[in-house]
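Report on the structure given below.
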Amino acid sequence: MTINPQLPLSFSRTHRLQWEEAQQKFVILYPEGMVELNQSSAEILKCCDGVRTLADVVSALEEKFATTGLHHDINAFLEVALTNGWIQQ
Amino acid sequence: MAGYNNNSVKITPPRWLLAELTYACPLQCPYCSNPLDYASYKTELSTDDWKRVLSQARQMGAVQLGFSGGEPLTRQDLPDLVKHARELGYYSNLITSGYGMTEEKIVQLKEAGLDHIQVSIQASSQELNDHIAGTASFAHKQEVARLVKKHGYPMVLCVVLHRENIHQMPEILAMAKELGADYLELANTQYYGWAHLNRDLLLPTKAQFEQAEAIAQAFKETVAGTMKIYYVVPDFYEDRPKACMNGWGTTFLTIAPDGVALPCHSARQLPGLDCPNVNDFSVQEIWHESKAFNFFRGDDWMQEPCRSCDEKAKDFGGCHCQAYLLTGDMYAADPVCSKSPQHGVIQEAIDAAQTATVAAEEKPLVFRNSKNSKLFV
Ligand code: SF4
Ligand code: SF4
């Protein structure tokens with residue numbers, strides 16, 4: 001599935017994104033399952049607030065980490081997230 | 001209770017907690033995984049006991065929580081326990097037959113913080129569902145499934161498959177679609193507890209199983225992206241066993257209604273484990289130090305052919321309960337494995353089931369109820 005750059009991104013209502021103290025990482029929880037996230041994936045998902053579009057997420061994270069050229073990686077991860085139902089558009 | 005951890009195995013924290021709140025259940029499924037003699041365990045943990053157990057396990061890192069039974073809805077304190085679990089940060093799941101569920105309860109549990117509800121349906125037709133459940137429940141279950149969806153929960157539909165309903169696969173899939181299931185669990189019966197007792201009448205033939213699987217696989221592609229399918233294979237038709245519980249004492253913790261802590265929900269039947277009770281020890285002590293949880297950790301316990309097998313890190317020798325039920329030796333390789341010297345018992349079971357089908361005077365299914373359970377006490 002591909003990301004529509006016009007539409008806002010929102011985290012799924014039927015999944016939960018949560019910090020796990022015992023594992024020292026963010027996880028996604030859903031029926032019968034759990035996905036452990038690395039830091040950059042978690043940062044991207046936290047931006048999916050139902051308002052921001054792909055370009056907004058990219059600029060927010062480039063600013064936050066004082067870097068450029070994140071578009072390609074963020075888009076690739078969001079496609080995975082969309083296919084897995086973690087986010088919606 | 002020190003002394004059972006030999007320190008050679010690195011102990012990982014529990015991630016999944018299965019809280020079997022009660023053995024009480026209005027249904028009588030002949031494949032129920034509860035112990036045959038469940039009627040002899042009469043005591044149930046109190047609300048405060050459960051809260052303490054939830055807190056202790058959460059602190060160790062458990063995060064997925066299943067409320068099950070029996071029928072967990074028979075516990076009046078369920079909303080209270082759900083609320084406590086939510087406050088602790090669990091992702092909680094109610095595993096229910098739907099019996100006794102009302103819209104009011106669904107809303108109340110949602111407000112308390114329940115994350116999802118798994119409704120089991122026995123078949124795709126009223127007649128067969130009500131026969132297998134031993135209780136008229138079909139229409140109500142469908143209604144519950146709709147209400148679960150209506151109130152914003154992810155809806156998980158679970159159908160246990162066996163010889164009496166496996167031919168309904170196309171109708172079961174159509175029903176799941178019609179009800180709008182987000183997840184469909186197609187669970188081939190695992191032969192423990194009551195299912196072991198009724199195996200001759202429940203085990204499908206290989207042809208039936210393969211046909212049903214092919215239909216389910218084809219369907220899976222048509223619903224990709226809208227419905228997720230979990231397919232639990234019947235391991236009698238595999239030649240390697242399942243990696244039972246993801247490894248003994250590595251991930252899963254089950255607490256039985258009376259507070260007994262189990263490394264897997266059927267471990268209660270294994271001899272000599274001395275399964276500890278949460279009334280006597282903390283979850284931390286139980287997980288790290290008890291005899292039961294250290295019993296099959298690592299691979300020191302293994303015999304041949306597992307001990308020298310290059311696949312032992314993949315399946316840990318399979319399921320100990322299955323080895324015990326089928327060979328009488330819980331240290332043996334799971335006989336599902338084609339390398340097991342006792343692998344022949346699997347074919348014998350398949351043949352026996354086949355014979356039972358052809359035989360005119362089939363012995364009847366033994367339904368799971370207190371009257372029958374008392375026969376095993
Ligand atoms: S399998 Fe059937 S009888 Fe057993 S607890 Fe579940 S609903 Fe009740
Ligand atoms: S011999 Fe034992 S360890 Fe090897 S594949 Fe079979 S069950 Fe698994």
Side-chain angles (χ1 to χ4, degrees), chain A residues 1-51 53-54 57 74-89, chain B residues 12-18 56-66 68 85-86 88-95 110 113-119 148-149 151-158 180-187 223-232 246 251-252 284 287:
Chain A
M1 287 194 226
T2 50
I3 300 292
N4 182 336
Q6 314 295 326
L7 295 177
L9 298 151
S10 47
F11 191 77
S12 159
R13 284 194 310 124
T14 55
H15 291 65
R16 200 205 287 168
L17 178 65
Q18 168 170 310
W19 171 254
E20 275 301 286
E21 192 60 33
Q23 302 178 54
Q24 290 294 305
K25 53 174 77 120
F26 276 93
V27 298
I28 298 174
L29 296 159
Y30 56 95
E32 321 275 324
M34 169 165 70
V35 178
E36 300 176 6
L37 297 170
N38 60 26
Q39 201 203 340
S40 49
S41 308
E43 291 293 344
I44 298 169
L45 291 175
K46 280 194 279 176
C47 292
C48 299
D49 55 5
V51 179
T53 63
L54 174 61
V57 173
I74 292 177
N75 183 55
F77 174 74
L78 286 172
E79 283 182 0
V80 172
L82 190 65
T83 309
N84 284 311
W86 303 336
I87 58 166
Q88 273 132 24
Q89 283 205 303
Chain B
T12 53
R15 290 278 179 258
W16 295 66
L17 173 61
L18 184 67
Q56 290 174 347
R58 177 70 185 132
Q59 203 175 11
M60 292 178 70
V63 58
Q64 282 275 2
L65 169 64
S68 116
R86 185 66 190 90
L88 292 169
Y90 277 109
Y91 187 79
S92 57
N93 171 18
L94 178 68
I95 301 162
K110 181 92 191 172
L114 186 66
D115 291 289
H116 74 110
I117 298 182
Q118 176 183 319
V119 184
V148 163
K149 185 93 188 153
H151 289 284
Y153 291 96
M155 200 261 277
V156 186
L157 203 63
C158 173
D182 299 294
Y183 297 81
L184 173 62
E185 189 169 321
L186 294 168
V223 292
T226 57
M227 191 194 302
K228 234 189 198 165
I229 297 191
Y230 295 124
Y231 193 81
V232 181
N246 194 38
T251 315
F252 290 92
Q284 170 89 17
W287 188 260

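In the text below, chain A, chain B and the rest are named by the order of the sequence lines, each starting its count at 1.
Both the backbone and the side chain of A/Glu32 have a heavy atom closer than 4.5 Å to some heavy atom of chain B. Looking at B/Tyr183, the atoms closer than 4.5 Å to chain A (heavy atoms on both sides) all sit in the side chain, from C-beta outward.
Other residues, nucleotides and ligands contribute more than 12 heavy atoms inside 6.0 Å of the CD atom of A/Gln24. For B/Gln59, the CD atom is loosely surrounded, since the number of other residues' heavy atoms within 6.0 Å does not exceed 12.
Here the options are B/Glu185, B/Lys228, B/Gln64, B/His116, the test is side chain to side chain contact (heavy atoms under 4.5 Å, CB included), and the partner is A/Pro31; only B/His116 passes.
Heavy-atom pairs under 4.5 Å with chain B peak, among A/His15, A/Arg13, A/Glu21, A/Gln18, at A/Gln18. In terms of heavy-atom pairs under 4.5 angstrom with chain B, the leader among A/Val27, A/Leu29, A/Thr14 is A/Leu29.
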